[in-house]
Amino acid sequence: MKLLVAVKRVIDYNIKVRVKGDETGVETANVKMSMNPFDEIAVEEAVRLHEAGTATEIVAVSMGVQQCQETIRTALAMGCDRGIHVKTDDELQPLAVAKLLAKIVEQESPDVVVLGKQAIDDDSNQTGQMLAGLLGWSQGTFASEIALADGKANVTREIDGGLQTVAINLPAVITTDLRLNEPRYASLPNIMKAKKKEIAEITPEELGVDIAPRLTTLKVTEPSQREGGIKVETVAELVNKLKNEVGVI
Ligand code: AMP
């Protein structure tokens, strides 16, 4: 069974994101970038399936600027076999990523594509679903457990108020949620080995995909400053404030 894993390069989750002065986006110059955390979970799951003998090959795909190759190298050091870099300096919105992935799927014929449930920079939570739609494949989103056997996948999904297990036919698109696993750190020998693994480079033009943005960002602003709280002496005072000052009851 062949797996394709999508890994996005995003601002590291530990970094305090700053909005650009002209409100056109967030500052990315000289900012630490890492693999999207949900994609680390996707890679980890794929590697575990490989170690269990369920998967035979894992291909990691990243799309964007040249430095996406660092993200692919991380995936290779974690245990993926080879990488594909779809290189572009242009903005990529989820629909464009889904279309590019659909083309790679045509070339690679994987049995399962594993993505993160969302990228922590745009918080779109769209790419996996759009990819499944474009391919006409089954989808298991927000996975907290995946069992693959006999051309089928049982995917346990994190939904409001509980868990839902769906049985889907392969080929399928699966997106990962936080509790699926705890990603490993790549060991030094594996980081060294990853340097020798192959990363193929291709452009959106070569794949014949129009990546023109469909959405325009009007502006990006800082969240409003949190105001300091106050202490109330009695429950009656609290109720009075909630009712007459804040207007929430
Ligand atoms: P989103 O729909 O933008 O929240 O992203 C969901 C998932 O799609 C991510 O967790 C990645 O697995 C994948 N993805 C989105 N953008 C890219 C990209 N530029 N390169 C590789 N994978 C991506």
Side-chain angles (χ1 to χ4, degrees), residues 3-13 17 25-26 28 33-47 58-76 78 80 82-105 107-108 110 112-135 137 139-144 146 155 157-158 172-181 183 199-204 207 209-215 217 220:
L3 308 180
L4 194 74
V5 186
V7 293
K8 186 176 187 185
R9 180 176 182 266
V10 297
I11 294 182
D12 187 89
Y13 72 97
V17 175
V26 299
T28 52
M33 308 291 282
S34 303
M35 187 188 297
N36 182 45
F38 293 106
D39 304 351
E40 284 184 344
I41 295 172
V43 171
E44 176 65 34
E45 197 63 18
V47 172
I58 314 169
V59 182
V61 186
S62 190
M63 306 183 177
V65 295
Q66 180 62 30
Q67 294 90 324
C68 288
Q69 295 213 1
E70 292 163 18
T71 312
I72 298 176
R73 285 279 167 225
T74 306
L76 298 178
M78 287 172 76
C80 293
R82 61 189 169 88
I84 299 175
H85 176 210
V86 181
K87 193 177 165 193
T88 176
D89 290 339
D90 294 336
E91 179 195 354
L92 286 174
Q93 293 183 347
L95 181 60
V97 176
K99 286 180 179 173
L100 292 166
L101 281 171
K103 285 285 177 193
I104 305 249
V105 165
Q107 295 180 351
E108 293 286 335
V112 181
V113 184
V114 196
L115 304 91
K117 74 166 179 181
Q118 75 191 52
I120 61 165
D121 51 1
D122 59 22
D123 271 347
S124 295
N125 175 14
Q126 294 176 345
T127 309
Q129 294 88 328
M130 285 176 169
L131 177 63
L134 289 170
L135 294 170
W137 284 14
Q139 58 177 301
T141 51
F142 308 96
S144 64
I146 301 170
V155 178
R157 311 182 54 235
E158 300 216 8
V173 172
I174 297 179
T175 72
T176 60
D177 213 325
L178 204 58
R179 274 168 281 270
L180 181 60
N181 60 48
I199 300 181
E201 217 181 276
I202 194 158
T203 62
L207 288 168
V209 175
D210 168 18
I211 59 164
R214 302 294 200 271
L215 306 170
T217 302
V220 177

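Being a predicted model, the structure only gives us computed values, none of them experimental. Both counts, for ligands and for their atoms, begin at 1 and track the order of listing.
Shown here for V209 and A96, the closest heavy-atom pair between the two residues is CG1-O, 4.4 Å.
Here the CD-NE2 distance, from Q69 to H85, works out to 5.5 Å after rounding to the nearest 0.5 Å. To the nearest 0.5 Å, atom CG of residue L134 and atom CG of residue L95 are 6.5 Å apart. The NZ atom of K99 sits 9.0 Å away from atom CE of M130, with the distance rounded to the nearest 0.5 Å. Atom-to-atom distance recorded for T176:OG1 and F142:CZ is 10.5 Å, nearest 0.5 angstrom. Taken to the nearest 0.5 Å, the CG atom of D12 stands 12.0 Å off from the CE atom of M35. Taken from CD1 in I202 to OG1 in T88, the straight-line distance is 13.0 Å, to the nearest 0.5 Å.
Looking only at heavy atoms of the protein, atom 9 (C) of ligand 1 is closest to D39 OD1, 3.5 Å. Taking atom 21 (C) of ligand 1 as the reference point, the nearest protein heavy-atom neighbour is V7 O, 3.2 Å. Shortest contact from atom 13 (C) of ligand 1 to any protein heavy atom: L115 CD2, 3.8 Å. In terms of protein heavy-atom proximity, atom 8 (O) of ligand 1 is closest to T127 CB, 3.4 Å. The protein heavy atom nearest to atom 22 (N) of ligand 1 is A6 CB, 3.6 Å. Nearest to atom 16 (N) of ligand 1 among the protein's heavy atoms is K8 CD, 3.3 Å. Closest to atom 7 (C) of ligand 1, if we only count protein heavy atoms, is G116 O, 3.3 Å. Counting protein heavy atoms only, atom 19 (N) of ligand 1 is closest to M63 O, 2.9 Å.
Annotation: side-chain hydrogen bond (donor to acceptor under 3.5 Å, both in side chains) contacts of E40 (sequence neighbours excluded): none. Legend: residues meeting side-chain hydrogen bond (donor to acceptor under 3.5 Å, both in side chains) with D122, ordered by chain and number and at least two apart, are K8, S124.
Listed by atom number, the atoms of ligand 1 under 4.0 Å from V61 heavy atoms are 21 (C). Below 4.0 Å from some heavy atom of N125 lie the following atoms of ligand 1, by number and element: 1 (P), 2 (O), 4 (O). Of all the atoms in ligand 1, the ones that sit under 4.0 Å from a non-hydrogen atom of N36 are 9 (C), 10 (O). Distances below 4.0 Å separate heavy atoms of A119 from the following atoms of ligand 1: 1 (P), 3 (O), 4 (O), 5 (O), 6 (C).
At least one N or O atom of D122 sits closer than 3.5 Å to an N or O atom of ligand 1. Not a single N or O atom of G64, backbone or side chain, sits closer than 3.5 Å to an N or O atom of ligand 1. Looking at D123 next to ligand 1, no N or O pair under 3.5 Å apart turns up.
For the 3.5 Å distance criterion, the side chains of Q93 and Q126 fail to qualify, holding no donor opposite an acceptor.
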